[in-house]
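Below is one structure, written out as structure tokens; comments come after it.
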Amino acid sequence: MTDRITLRRPDDWHLHLRDGAMLAAVAPHSAGFGRAIIMPNLIPPVVTGTQAAAYRDRIMEALPHGAALQPQMTLYLTDATKAADIVAAFRGGVIRAVKLYPAGATTNSASGVTDFDRVQPVLEAMAEAGVTLCVHGEVTDPAVDIFDREAVFIDRVLDPLRRRTPELRVVMEHITTSEGVAYVRAGGDNLAATITTHHLVINRNAILAGGIRPHYYCLPVAKRESHRLALREAATGGEARFFLGTDSAPHTDAAKLQPCGCAGCFTAPNTLSILTHVFEDEGALDRLEGFTSINGAAFYRLPPNEDRIALVKRDTPAEYPTQIAAGGETVTVFDPGFPIYWHLED
Ligand code: NCD
Ligand code: ZN
């Protein structure tokens with residue numbers, strides 16, 4: 001039995017660290033990752049290189065001394081974004097990628113793109129400069145059922161966009177469907193996808209069966225079991241197109257536990273232990289490192305991290321807090337619903 005594994009230090013290619021007191025509370029929980037793509041959906045959003053650089057400074061201040069984390073900043077694409085600003089921020093090393101939120105698709109996405117024709121020149125400049133576009137892949141059309149919004153986005157928005165701009169490097173963030181998996185598999189070298197930890201663990205029953213459980217509500221919302229199985233196959237199958245983006249998205253319990261609660265699962269504290277459990281379940285421990293530490297770096301054309309972390313399997317479950325404190329409030333940590341015996345070694 002394997003009871004200790006080492007991995008090149010993992011990267012998190014999709015992470016929400018927020019700002020202010022929340023940033024201070026959650027940043028230490030991601031400090032052990034190598035690189036992390038930092039989502040720009042603050043209020044107001046991060047739309048300029050100057051803002052991204054200032055946000056990066058605030059993140060560095062929030063990290064504990066000796067943290068491994070190197071924040072990889074992103075800009076939030078709006079209808080008004082100028083191509084020259086993106087290219088300058090990218091060439092200047094300020095940003096790693098640009099994030100596309102269809103306006104209204106998810107938390108703090110009101111400033112997102114409403115008119116894809118208007119951003120077309122920006123996408124072309126990004127393709128030319130080699131800037132990756134990270135896509136929140138859901139349509140916002142109220143007529144489309146929420147469980148279909150990813151599949152419809154692929155047909156209506158993403159595929160036409162990629163046909164217009166085939167050289168653009170695109171990461172479909174947090175895919176949740178077998179359609180997403182199939183599209184990425186068929187997509188050529190410029191397309192990849194992140195998969196979250198929680199979408200490998202829960203299906204929509206976790207949110208809705210036997211009572212409503214807001215801590216499992218995130219966007220894109222977890223789908224039916226067949227989709228979870230497709231995601232597990234993609235994540236654990238050793239294909240280079242799929243890599244970890246936790247989408248750890250903290251909200252205060254007060255904001256989650258509302259008649260209209262926020263979307264997001266906070267998985268940063270226990271993500272690596274849960275993932276190791278999932279990969280062991282699938283008989284794929286030897287493929288965990290590809291998913292957490294190699295595939296994403298390769299897509300972003302970066303070398304993998306040189307240093308390593310270890311996880312040890314013990315007889316007693318790893319203990320994680322059910323909640324953490326954040327500025328006088330609490331944030332609930334994702335509960336996978338089963339004991340996890342893989343402990344991160346210090
Ligand atoms: C994210 C957030 O809270 O910022 N929420 C979520 O449910 N994943 C936004 C996002 O990535 O969609
Ligand atoms: Zn996210």
Side-chain angles (χ1 to χ4, degrees), residues 11-20 22-23 25-27 29-30 33 36-46 55 59 71-77 96-113 132-140 146-147 149-150 153 157-158 171-177 180 193-202 204 206-208 212-223 231 243-258 260-268 271 296 326 329 331-334:
D11 299 311
D12 184 349
W13 299 104
H14 181 130
L15 176 63
H16 299 268
L17 288 179
R18 316 299 192 200
D19 213 343
M22 183 67 92
L23 169 62
V26 302
H29 293 282
S30 292
F33 281 87
I37 287 267
I38 308 299
M39 288 295 129
N41 62 332
L42 305 182
I43 308 174
V46 180
Y55 184 29
I59 294 170
Q72 310 286 302
M73 308 312 290
T74 57
L75 292 186
Y76 184 119
L77 187 63
R96 176 69 59 200
V98 169
K99 178 71 190 241
L100 185 160
Y101 293 101
T106 186
T107 309
N108 306 340
S109 62
S111 319
V113 171
T132 297
L133 182 70
C134 297
V135 177
H136 183 107
E138 289 189 288
V139 290
T140 54
I146 190 158
F147 291 102
R149 287 182 180 189
E150 180 172 301
F153 181 88
V157 181
L158 186 58
V171 179
M172 255 191 102
E173 300 289 329
H174 43 48
I175 54 169
T176 58
T177 59
T194 55
I195 299 178
T196 76
T197 304
H198 49 285
H199 288 115
L200 297 174
V201 173
I202 59 165
R204 62 197 193 180
I207 314 165
L208 297 170
I212 188 150
R213 294 190 175 75
H215 294 302
Y216 293 120
Y217 171 62
C218 68
L219 287 171
V221 69
K223 309 295 192 296
L231 296 173
F243 44 85
L244 175 64
T246 65
D247 193 20
S248 180
H251 292 278
T252 64
D253 290 327
K256 293 282 293 177
L257 305 175
Q258 287 287 331
C260 182
C262 293
C265 296
F266 177 51
T267 55
T271 259
E329 306 225 44
V331 177
T332 292
V333 176
F334 178 76

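Just so it is clear, the values below take in all heavy atoms, side chains as well, and ignore hydrogens, waters and symmetry mates. No experiment lies behind these values; they were computed from the predicted model shown. We count ligands from 1, going down the list as the structure has it; atoms in each ligand are counted the same way.
- Residue-level contacts of ligand 1 at the 4.0 Å heavy-atom threshold are H14, H16, R18, N41, T106, T107, H136, H174, C218, L219, D247, A249, H251, A263, G264.
- Remark: the E173 side chain and the H14 side chain contain an N/O donor-acceptor pair separated by less than 3.5 Å.
- Residues T197 and T246 have side chains that never bring a donor and an acceptor to within less than 3.5 angstrom of each other.
- Residues R204 and V221 have side chains not in contact (no heavy-atom distance under 4.5 Å, counting atoms from C-beta outward).
- The side-chain heavy atoms of T252 and M22, taken from C-beta on, include a pair separated by under 4.5 Å.
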> Taking it one step at a time, do I175 and L231 satisfy side-chain contact (heavy atoms from CB on, under 4.5 Å)?
Replying inline: CA-CA 8 Å; I175 54 169; L231 296 173; 3.9 Å; yes
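- Around the Zn ion (ligand 2), the protein contributes the following N, O or S atoms under 2.8 Å, ordered by chain and number: H14 NE2, H16 NE2, D247 OD1.
- How far SG of C134 is from CG of L77: 11.0 Å, rounded to the nearest 0.5 Å.
- For the pair I195 and L244, the minimum side-chain heavy-atom distance is 4.5 Å or more.
- For the 3.5 Å distance criterion, the side chains of K223 and T176 qualify, holding a donor opposite an acceptor.
- Annotation: the span from T194 atom OG1 to D12 atom CG amounts to 9.0 Å, rounded to 0.5 Å.
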